[in-house]
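Everything numeric here is computed off the predicted structure, so don't read it as measured data.
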Number of protein chains: 2
Amino acid sequence: MKNMPSEKNKKNQIVDSDAKDLYSIADLAGELGISTRTIRFYESKNLLSPERVGNTRVFRKRDRARLLLILRGKRLGFSLRDISEYLSLYDTDETQAHQLALLRTKVDERLELLENQLADLRTTITELKEIRELARTGAPDI
Amino acid sequence: MKNMPSEKNKKNQIVDSDAKDLYSIADLAGELGISTRTIRFYESKNLLSPERVGNTRVFRKRDRARLLLILRGKRLGFSLRDISEYLSLYDTDETQAHQLALLRTKVDERLELLENQLADLRTTITELKEIRELARTGAPDI
DNA sequence: CGGCAGGTTGACGTATACGTCAACTATGGT
DNA sequence: ACCATAGTTGACGTATACGTCAACCTGCCG
């Protein structure tokens with residue numbers, strides 16, 4: 001992932017998120033270190049549905065909280081599609097029973113994938129160490 | 001007062017003010033038949049204080065209600081300065097006692113002014129009728 | 001390697017907002 | 001007539017938002 005323009009971040013670091021209840025797209029992008037372009041992209045993927053005042057998006061606290069969830073999900077390695085499914089349950093299931101079940105399923109899947117990758121990586125490292133040891137002791141050609 | 005561009009009104013006539021709680025400057029201008037320029041002018045006269053989301057004004061229902069009061073005051077012939085004084089009391093006096101007293105004072109002043117103008121107009125009309133009668137009967141030159 | 005999918009970003013034309021500096025209109029007073 | 005005031009409006013340069021159409025980057029798979 002590429003770095004965002006630093007002047008944009010610098011411009012918005014004074015945003016006091018605790019006191020505000022309305023945010024522009026530039027406010028959120030600057031605060032969270034993503035581009036306005038990315039926020040609009042997420043909306044096009046139905047991850048976000050901010051209000052429009054005139055033609056301009058206006059975000060409420062709950063939109064900001066939702067965006068924070070999206071970013072956290074991404075950091076944990078979930079796809080936007082997974083996150084979207086999760087959030088659509090968040091939107092509709094007041095008891096959150098199905099939401100928790102889905103979350104466990106997704107987390108299990110993700111853990112399994114990461115553990116497989118970890119095992120692969122360990123295997124690769126072990127094999128490389130073995131090859132290095134053979135090269136050092138002058139053992140048979142590989 | 002000049003007419004506003006009719007295409008602007010036409011564009012915004014579908015605004016459902018009862019359901020919304022946030023308005024853009026163009027929303028309000030279109031709905032109320034004034035220009036965005038005039039709304040910004042009122043703000044510069046401290047008659048209005050809308051929120052900013054980013055650099056953009058966002059108006060809440062109470063801002064809209066306040067703007068309606070301003071326009072009503074103007075229709076009754078009050079100056080913007082009078083209206084501003086009235087509204088500043090509206091902002092600070094929860095019991096509205098001073099507000100009502102000031103309103104009565106302002107209305108009395110306005111009525112007195114209008115009644116004086118009415119008396120002047122009646123006098124002028126009476127004098128013109130007298131001159132017309134003299135011209136018709138051939139009485140002494142004026 | 002190439003292809004694909006996911007995710008992000010860029011280019012760009014259009015629209016609207018903004019603030020500043022004036023200009024215009026109407027009214028009243030001298 | 002001129003001047004002052006109140007109220008509105010215009011011109012204009014700047015900034016940012018918007019949506020559309022691509023392009024780019026990364027990782028994975030065959």
Listed by chain and number, what are the side-chain hydrogen bond (donor to acceptor under 3.5 Å, both in side chains) partners of A:S79, not counting sequence neighbours?
A:D82
Between [atom2] on [N] and [atom1] on [X], what's the gap in Å once rounded to a whole number?
X	N	atom1	atom2	answer
A:K74	D:dT26	NZ	P	14 Å
A:E85	C:dG6	CD	P	12 Å
B:R57	D:dA17	CZ	C1'	16 Å
B:I39	C:dC18	CD1	C1'	14 Å
A:I25	C:dA15	CD1	P	20 Å

Which is more 5' along DNA chain D, the nucleotide nearest B:F41 or the one nearest A:E43? Just name the residue.
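Final value for this comparison: B:F41.
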Report the nucleotide, chosen from [options], that has the shortest atom-to-atom distance to any side-chain atom of [X].
X	options	result
A:T56	C:dT9, D:dC18, D:dT8	D:dC18
B:Y42	C:dC18, D:dT8, D:dA6	D:dT8
A:A26	D:dT8, D:dA17, D:dG7	D:dA17
B:T38	C:dG6, C:dC18, D:dT9	D:dT9

Which protein N or O atoms sit under 3.5 Å from an N or O of nucleotides 20-22 of chain D?
| unit_1 | atom_1 | unit_2 | atom_2 | d |
| --- | --- | --- | --- | --- |
| D:dT20 | O4 | A:R37 | NH2 | 3.4 |
| D:dC21 | N4 | A:R37 | NH2 | 3.1 |

Show every salt bridge (Lys or Arg N to Asp or Glu O under 4.0 Å) that has at least one partner inside residues 42-57 of chain B, sequence neighbours left out.
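Qualifying pairs: B:E43-B:R57, B:E51-B:R60.
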Report yes if some heavy atom in the side chain of B:I25 is under 4.5 Å from a heavy atom in the side chain of B:V58; otherwise report no.
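A side-chain contact is absent here, since even the closest heavy-atom pair is not under 4.5 Å.
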Using a 4.5 Å cut-off on heavy atoms from C-beta on, say whether the side chain of A:F59 contacts that of A:D27.
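A:D27 vs A:F59: side chains apart.
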CD1 of B:I34 to CG of B:L28: how many Å apart, nearest 0.5 Å?
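Atom-to-atom, B:I34:CD1 and B:L28:CG are 7.5 Å apart.
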Single hit among A:L47, A:T38, A:L32 for side chain to side chain contact (heavy atoms under 4.5 Å, CB included) with A:L67:
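One option only clears the test, and that one is A:L32.
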